[in-house]
Amino acid sequence: MRGKVLLGGLVLIVACGQDGGDPTGAGALSDAGRDAGRPNGPAVFEGFTDVASERGLVFQHESGGRGDLRMPEVMGSGLALFDCDADGDLDIYLVNGNEHPADGAEGTSANALFLRAGERYEDASAASGLDDRGYGMGVAVGDLDNDGHVDVYVANLAADRLFRGLGAARFEEVGAERALDVAHWSSSAALLDYDRDGFLDVFVTQYVDYDPAERCFNSAGRPDYCGPLSFAPRSDVLLQNADGRRFFDVSAAAGLTSVACAGLGVVCEDFDDDGWVDVYVANDAYGNQLWTNRRNGTFFDEALLKGAAMNVSGQPEAGMGVVAGDFDADGVLDLFVTHLSEESNTLYRGAGGERGFRDVTGSSGLGPPSMRSTGFGVVAADFDLDADLDLFVANGRVVLALPAAGSTLPPPWNELAEPNHVYRNEGVSFRPVGTLGAEVEVSRGLVAGDVDGDGDPDLVLTNTQGPARLYENRVAGAGERHWLRVRCYDPRLKRDAVGARVSVVTALHTQRRTIGGGAGYQSANPLDVWFGLGEAERIERVTVRWPDGRVESFPDVSVDGAVLLERGQGHE
C-alpha cells in the first residue's frame, strides 16, 4: 500500500467523521520539526521520589515495535490503581502491549497485577487470572455484577476483555458469556450508570480503523509513525449493563454512532448538574465531544455549543488525556485536556449550566510551558495539601525527531522521549514547578492514589517500551496540613458508588469530587476520592449526592483519616 507524507507544523480543522482534505494523513500528530536536543527545561521537582524498584514494582512495557513504525506501538498502555484483594491497600494493574495481532503470532507479553504487601508489591499476575495477552491499551475497574467484588475491563487493540472478580485477587474471563463484543481499536474505558438502574455500564472510546500495512513518512521522506488522519475514525461504544450478566451495544440507539472522531481520553461527570451523568471525550485531530445525557437513554453532543469542542481559535486539537475538576474553587467543573506539541494543553473553565465552558489557557499559565511537549496522561491531585487541585502531565512524542537530551533509551525511543511536568495551582493560575522525576522517557498512563497510607497522593506512571514508575509524595511541609480520604458504599448494590459526588465543607473551603468515571489516558484511578484540607482542623460536613440523585449529609467526619460513608447512614 502506498505511503503517506507527514508535514511538520500543519494545522487542520477537521469535522468528526469527515475527510479533512489532507492527502498526507498527518492531522494533529506533527511535531517532527521540533528541536529535540534542547535542555530539559525546568529543574526536577523534588517532591516525588521513584521507589518502584525498592518496592518490588518491576515491570517493562512491550510495545511490539520491530522497526517498521506501526502506529499502535507509539500509543502506549494505561494502568489501574485499586484495592484488588479488599485488604485496604491499593494494588496496581499494568496493561501491556504485545506482538502485533496482524502478525498472527501468539502474544508473549502479559498484563501484570502487583499486590501491595506491607511496604512492597508482589507480582500476582499469573495466579490472579488477569495476565491477559492481548495487545492492551486501557482499563476500567468496578463491580459490574453487584456481587461485592471488583471486575476489570481491558480495552485492547483487537477484542476487549472482561474479567469477573471472584474475591481474594482472583479473576475469570467472562466477556463471551456476557455478550461482550468490542472488536476494534479501543483506547480508554470508563464505568458509569447512565440509565440509573443500579448497574454500571461501560463507555469505550474507539480510535481508528487501523491498517498495519500502511506506511507514513515525514516531510524529509524519512519513515515515521502515522497520524490519526491516515485512517478512518471510529465512533465510540456504549455497553448497557442489563442485569450484571448481559451487555448490549446501545451505541446507535444512544446517538453515539452519528459521528466518528478518533477518541482517546474520556471522563464521566454530571456537567450540567441535572443528576444524570454526562460523558466528555478527548478526540485526536477532531473536535472533542460533550455527550449530554438526555435522561431517556440517548445523548446529544453539546461540546461545540458549550465551547468545549475546540480551542479559543476555533481549531480542533490532538486530544489525548482529559481530567475534570473545580480548579478555581468556584463550585463549577472545569476541563483540562492534553495535546500535541505546538498546540499547548488546554484549560476549559466552566461557567455553569447552559453557559458552558471558556478556553482560558492563555491566562492560566498552562499554555507556554506545554507548547513544546506532547501530553498524554494527566492527573489532578492536591500534592501539597493546600486545598486546591494541582496538575501532573505525562509527556512523550508521537513522531520521530532528534534524540532527546537526558534520555538513555535506545533508538527510536530516545527520539520520542520527553520529561513529565508538574504544575502547582495558585488559585486563578498555575505555575510550572519542575519535571516529575529525572527520567526522560516516553510516558503515557498516569494515576494518583495514597499507596503508602500517609495521607498524601502518590503517582504511578507507565512508559512505552519502558519501566513503570512509582513516585511517592515527599513534599516538604505537607505533613503539617490536613487531609481526608472518602469512600462511598451502597449496601443495596453491595459495591462502591461509582458516580457519587462528594462535597467537603470546612470554614476555609468547599471542595467536591466524583467517585470513578474515568480520567487521564487509558487509566483508572482508585474508587475513592481524596481532599487536601490545608490549615482547616475541622470538617463542618461531608455531603454525598448518590448516583440516583439522593443527597445525604454526614456531619461527624474528622480530618486526617480515611472514612467509609454508607448510603442510608447520613442525614437527608
Side-chain angles (χ1 to χ4, degrees), residues 81-83 86-90 142-143 146 148 150 193 196 198 269-270 273 275 277 325-326 329-333 380-389 448-458 473 475 477-517 525-572:
L81 190 58
F82 69 113
D83 186 0
D87 65 351
D89 295 325
L90 290 176
D143 187 355
N146 295 354
V150 176
D193 186 3
R196 302 207 325 190
E269 278 278 8
D270 180 9
D273 287 325
V277 64
D326 183 6
D330 66 350
V332 180
L333 285 172
D382 186 0
F383 71 81
D384 51 3
L385 313 189
D386 66 347
D388 56 25
L389 290 170
D450 185 7
V451 299
D452 53 9
D454 66 353
D456 52 33
D458 309 296
N473 188 339
V475 175
E480 301 173 3
R481 294 170 177 161
H482 300 288
W483 57 278
L484 177 69
R485 200 168 95 195
V486 179
R487 179 184 168 198
C488 295
Y489 181 77
D490 191 332
R492 302 174 311 150
L493 305 178
K494 297 192 293 185
R495 63 168 174 82
D496 291 275
V498 173
R501 177 181 292 177
V502 183
S503 298
V504 174
V505 179
T506 71
L508 301 176
H509 313 93
T510 297
Q511 302 179 68
R512 74 177 191 180
R513 309 276 191 272
T514 300
I515 303 287
N525 284 294
L527 295 175
D528 56 16
V529 286
W530 181 93
F531 299 83
L533 302 176
E535 308 303 321
E537 298 181 350
R538 178 179 174 274
I539 296 171
E540 295 183 358
R541 67 183 179 279
V542 177
T543 300
V544 178
R545 193 187 74 181
W546 300 95
D548 64 358
R550 179 181 178 183
V551 177
E552 289 184 288
S553 181
F554 298 81
D556 300 318
V557 177
S558 301
V559 301
D560 300 335
V563 61
L564 174 66
L565 302 182
E566 187 170 311
R567 182 185 172 117
Q569 298 301 309
H571 305 305
E572 293 194 49

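- Atom CZ of F82 is separated from atom CG of D89 by 13.0 Å, given to the nearest 0.5 angstrom.
- The side-chain heavy atoms of E535 and L508, taken from C-beta on, include a pair separated by under 4.5 Å.
- The existence of a salt bridge linking D143 and K494 is excluded, since no basic side-chain nitrogen approaches an acidic carboxylate oxygen closer than 4.0 Å.
- Heavy atoms only, all atoms of each residue included: V544 and A500 are closest at CG1-CB, 4.1 Å.
- Checked for salt-bridge contact, D273 and R512 meet the test: a charged N lies under 4.0 Å from a carboxylate O.
- Listed here is the closest heavy atom pair of R545 and V551: CG-CG2, 3.6 Å.
- A 4.5 Å side-chain heavy-atom check between V475 and D456 finds every atom pair outside the cut-off.
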Side chain to side chain contact (heavy atoms under 4.5 Å, CB included) for V498 and D193? Distances and angles first, verdict last.
CA-CA 8 Å; V498 173; D193 186 3; over 6 Å; no
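- At a threshold of 4.5 Å between non-hydrogen side-chain atoms, the residues D458 and D452 count as touching.
- Two residues are said to be in side-chain contact when any heavy atoms from C-beta on lie closer than 4.5 Å; W483 and F531 fail this criterion.
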Evaluate the criterion side chain to side chain contact (heavy atoms under 4.5 Å, CB included) for residue pair V451 and L81; output intermediate values, then yes/no.
CA-CA 9 Å; V451 299; L81 190 58; 4.0 Å; yes
Set out, in order, the CA-CA distance, both residues' side-chain angles and the distance that settles side chain to side chain contact (heavy atoms under 4.5 Å, CB included) for R541 and T543, then state yes or no.
CA-CA 6 Å; R541 67 183 179 279; T543 300; 4.1 Å; yes
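- Side-chain contact between D528 and L564: absent, with no pair of heavy atoms (C-beta onward) separated by less than 4.5 Å.
- The minimum heavy-atom distance linking N525 with A448 is given by the pair OD1-N, 3.0 Å.
- Rounding to the nearest 0.5 angstrom, the gap separating the CG atom in D382 from the CD atom in Q511 is 7.0 Å.
- Counting all heavy atoms, side chain and backbone alike, G142 lies closest to L527 at CA-CD1, 4.3 Å.
- For the residue pair R567/Q569, the side-chain donor-acceptor check at 3.5 Å is not satisfied.
- The shortest side-chain heavy-atom distance between D496 and R487 falls under the 4.5 Å cut-off.
- Separating the OG1 atom in T514 from the CG atom in L333 is a distance of 6.5 Å, to the nearest 0.5 Å.
- We find the CG-CZ distance between N146 and R492 to be 10.0 Å, quoted to the nearest 0.5 Å.
- Using a 4.5 Å cut-off on side-chain heavy atoms (C-beta onward), D326 and V332 make no contact.
- Here the CG atom belonging to D560 is positioned 8.5 Å from the CD1 atom belonging to I539, to the nearest 0.5 angstrom.
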Pair L484, V504 - check side chain to side chain contact (heavy atoms under 4.5 Å, CB included), show working.
CA-CA 9 Å; L484 177 69; V504 174; 4.0 Å; yes
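- The nearest pair of heavy atoms linking W546 to E552 is NE1-OE1, 2.8 Å.
- The line from CD of E269 to CZ of R513 is 10.5 Å long, rounded to the nearest 0.5 Å.
- For R196, the CZ atom counts as densely surrounded, since its 6.0 Å shell holds more than 12 non-hydrogen atoms of other residues, nucleotides or ligands.
- Side chain of W530 to main chain of G455: a donor-acceptor pair is present (N/O by atom type, distance under 3.5 Å, no hydrogens or angles).
- The side-chain heavy atoms of L533 and R481, taken from C-beta on, include no pair separated by under 4.5 Å.
- Summarising the local packing, CD of E540 is surrounded by more than 12 heavy atoms from other residues, nucleotides or ligands at distances under 6.0 Å.
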